[in-house]
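Just so it is clear, the model here is predicted, and its values are computed rather than measured. Numbering of residues begins at 1 and proceeds along the displayed sequence.
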Amino acid sequence: MKDKGPKIIIKKVKKRVGEGAHGGSWKVAYADFVTAMMAFFLLLWLLSMVAPEKRARLSAYFKNFSIFDQSGTSFLDKSSEMFNMGGEAQRTIDADPGSAAMKPETFKEAIKEAIEMKLGDIKDQVLVDVFEGGVRIQLVDNEGKPMFDVGSTRPTALAMRILQVIGDNIKAMPNRVAVEGHTDSLVYASQKYGNWELSTERALTARKELEKFGLDPTRLTRVAGYADTSPFVLENPRDPRNRRISIILLFPQK
C-alpha cells in the first residue's frame with residue numbers, strides 16, 4: 001500500500017469585528033468617569049455658594065438622617081423646622097423672638113466658618129465663644145488695627161467689614177441681640193467725657209451699622225457701655241484688646 005503522507009487540515013478562523021484594540025468599551029467607562037467628576041465639582045461649587053448657617057443645618061441633617069423615620073423629609077421645604085447637631089427638629093415660634101433656630105454650639109461653628117471664609121486676614125480680631133446666656137462675638141483692637149478711630153465713635157473700614165459679615169449671618173435668626181462697648185483703662189483729660197460715654201456711644205454706633213446690614217431693631221434687648229470695668233486682658237488693663245465691641249445672641253435657657 002502506497003503511503004499517502006501526513007494529512008493536511010485547513011482551519012478557517014473568523015475574525016470578529018470590534019476585537020481590535022480592546023473594542024470601544026473603554027470609551028463608555030471613560031465617559032461615565034468624566035460625568036461623575038463633573039457632578040462632583042458641581043456639588044462642591046453649589047456648597048460653596050450656600051450660607052454657613054444653612055450649610056451647618058445641611059450637615060446636621062445628613063449626619064443624623066435615617067431612611068426609616070425621616071424618609072420623604074427635606075430640610076429645604078421644612079420652613080418651620082431647623083435641624084440641630086443633636087438630630088432633633090426644633091420648631092421656631094414666630095411670636096417669640098427669643099426662640100433659638102439652632103443650638104449655640106452650631107451657630108458658633110457656622111459664624112466661625114463665615115469669618116474664616118470672608119475675614120481670613122483679620123480673623124484673629126473676631127473672637128467667638130459660647131457662654132451661659134448664648135453666643136458672644138467680639139470685635140477686638142490690635143496694635144495698629146483699631147475698630148474705631150482713636151477717641152472717636154467713628155468705625156474704621158476694618159470694623160465695617162466685620163459688622164457686615166456678622167449682620168449678614170444673624171439677620172435671619174430669631175434670637176434677641178445685645179450690643180456692648182468696652183474700653184481700655186486710659187483716662188481722658190476731660191472730665192465731661194470719659195470711657196463710660198465712649199464705650200456707650202461706640203455700642204450705639206455698632207447697633208446702627210448692624211441695622212443697616214439687616215438686623216431687625218425689635219430684636220435688640222440691650223445696648224450698653226461698660227467702660228474699662230470688664231477687661232478682656234485682666235493682667236493688663238491698657239492692652240488694646242480691651243477696646244472691643246461685643247455682639248451677643250441670646251439663647252433661651254433650658
**Q** What about F148 and F213, same hydrophobic cluster or not, with Ile/Leu/Val/Met/Phe/Trp/Tyr joined at side-chain heavy-atom distances under 4.5 Å?
**A** yes
**Q** Looking only at heavy atoms, what is the nearest atom pair of G225 and W196, with distance?
**A**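 Heavy atoms only, the tightest pair is O-CZ3, 3.4 Å.
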**Q** Check the surroundings of atom CZ in F131: do more than 12 heavy atoms from other residues, nucleotides or ligands lie under 6.0 Å from it?
**A**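 Enclosed.
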**Q** Pairs in or reaching into residues 139-149: which pass side chain to side chain donor-acceptor pair (under 3.5 Å), with residues at least two apart or in two chains?
**A** D124-N142, D141-R243, D149-R154
**Q** Is any side-chain heavy atom of Q138 closer than 4.5 Å to a side-chain heavy atom of D129?
**A** yes
**Q** On a heavy-atom basis, which atom in A178 and which in T221 lie closest, and how many Å separate them?
**A**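 Closest approach of A178 to T221: CB-OG1, 4.1 Å.
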**Q** Going through the checks in order, is the side chain to side chain contact (heavy atoms under 4.5 Å, CB included) test met by R207 and V177?
**A** CA-CA 10 Å; R207 183 267 298 174; V177 178; over 6 Å; no
**Q** Would a 4.5 Å heavy-atom cut-off, applied to side chains only, mark D216 and K171 as touching?
**A** no
**Q** Pick out which of N169, I166, V128 makes a side-chain contact (heavy atoms from CB on, under 4.5 Å) with I115.
**A** V128
**Q** CD1 of I247 to CD1 of I170: how many Å apart, nearest 0.5 Å?
**A** 6.0 Å
**Q** Say you draw a straight line from OG1 of T183 to CD of E197; how long is it, rounded to the nearest 0.5 Å?
**A**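 Answer rounded to 0.5 Å: 10.5 Å.
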**Q** Could you tell me whether the side chain of T153 and the main chain of E201 form a donor-acceptor pair under 3.5 Å?
**A** no
**Q** Hey, are K212 and E209 close enough for a salt bridge, meaning a charged N less than 4.0 Å from a carboxylate O?
**A**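 Salt bridge: yes.
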**Q** Side-chain heavy atoms under 4.5 angstrom apart, residues restricted to Ile, Leu, Val, Met, Phe, Trp, Tyr: same cluster for I245 and F232?
**A**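 No, because I245 and F232 fall into different hydrophobic clusters, even though each may have its own neighbours under 4.5 Å.
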**Q** In terms of hydrophobic clusters joined by side-chain contacts under 4.5 Å, are L127 and L249 together?
**A**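 Unlinked, L127 and L249 end up in two clusters.
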**Q** G120 and K123: which non-hydrogen atoms are nearest, and at how many Å?
**A** O-CG, 3.5 Å
**Q** Return the set of residues passing side-chain contact (heavy atoms from CB on, under 4.5 Å) with I122 (not counting sequence neighbours), or none when no residue passes.
**A** L119, Q125, L158, R161, I162
**Q** Can you find a pair of side-chain heavy atoms, one from F107 and one from K103, that are under 4.5 Å apart?
**A** no
**Q** Apply salt bridge (Lys or Arg N to Asp or Glu O under 4.0 Å) to D184 and R238, showing your working.
**A** CA-CA 5 Å; D184 56 22; R238 295 193 175 190; over 6 Å; no
**Q** Give a yes or no on whether the backbone of P237 and the side-chain of N242 come within a donor-acceptor separation of less than 3.5 Å.
**A** yes
**Q** Kindly give the heavy-atom pair with the smallest separation between A203 and G181, and that separation in Å.
**A**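 Closest approach of A203 to G181: CB-N, 3.6 Å.
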**Q** So, K112 and E116, do they make that salt bridge, N to O below 4.0 Å?
**A** no
**Q** Would a distance-only check, ignoring hydrogens and angles, find a side-chain to backbone donor-acceptor pair under 3.5 Å from S199 to H182?
**A** no
**Q** State, yes or no, whether a side-chain contact exists between R244 and M147 at a heavy-atom distance under 4.5 Å.
**A** no
**Q** Are L186 and V140 linked, directly or through intermediate hydrophobic residues, by side-chain heavy-atom contacts shorter than 4.5 Å (ILVMFWY only)?
**A** no
**Q** Treating R202 as the side-chain partner and S152 as the backbone partner, does any N or O pair qualify as donor plus acceptor under 3.5 Å?
**A**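 Yes, R202 side chain to S152 backbone: donor-acceptor pair under 3.5 Å.
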**Q** Is the backbone N or O of E180 less than 3.5 Å from a side-chain atom of S246, with the two atoms forming a donor-acceptor pair by type?
**A**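 Flag not set: sc S246 to bb E180 has no pair under 3.5 Å.
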**Q** Applying side chain to side chain donor-acceptor pair (under 3.5 Å), which residue pairs with at least one partner in residues 224-237 are found, sequence neighbours left out?
**A** none
**Q** Side-chain heavy atoms under 4.5 angstrom apart, residues restricted to Ile, Leu, Val, Met, Phe, Trp, Tyr: same cluster for V126 and M173?
**A**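 Result: yes, single cluster for both.
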**Q** What are the two closest heavy atoms between T218 and R176, and how far apart are they?
**A** O-NH1, 4.1 Å
**Q** Are the side chain of N195 and the backbone of S185 linked by a donor-acceptor contact shorter than 3.5 Å?
**A** no
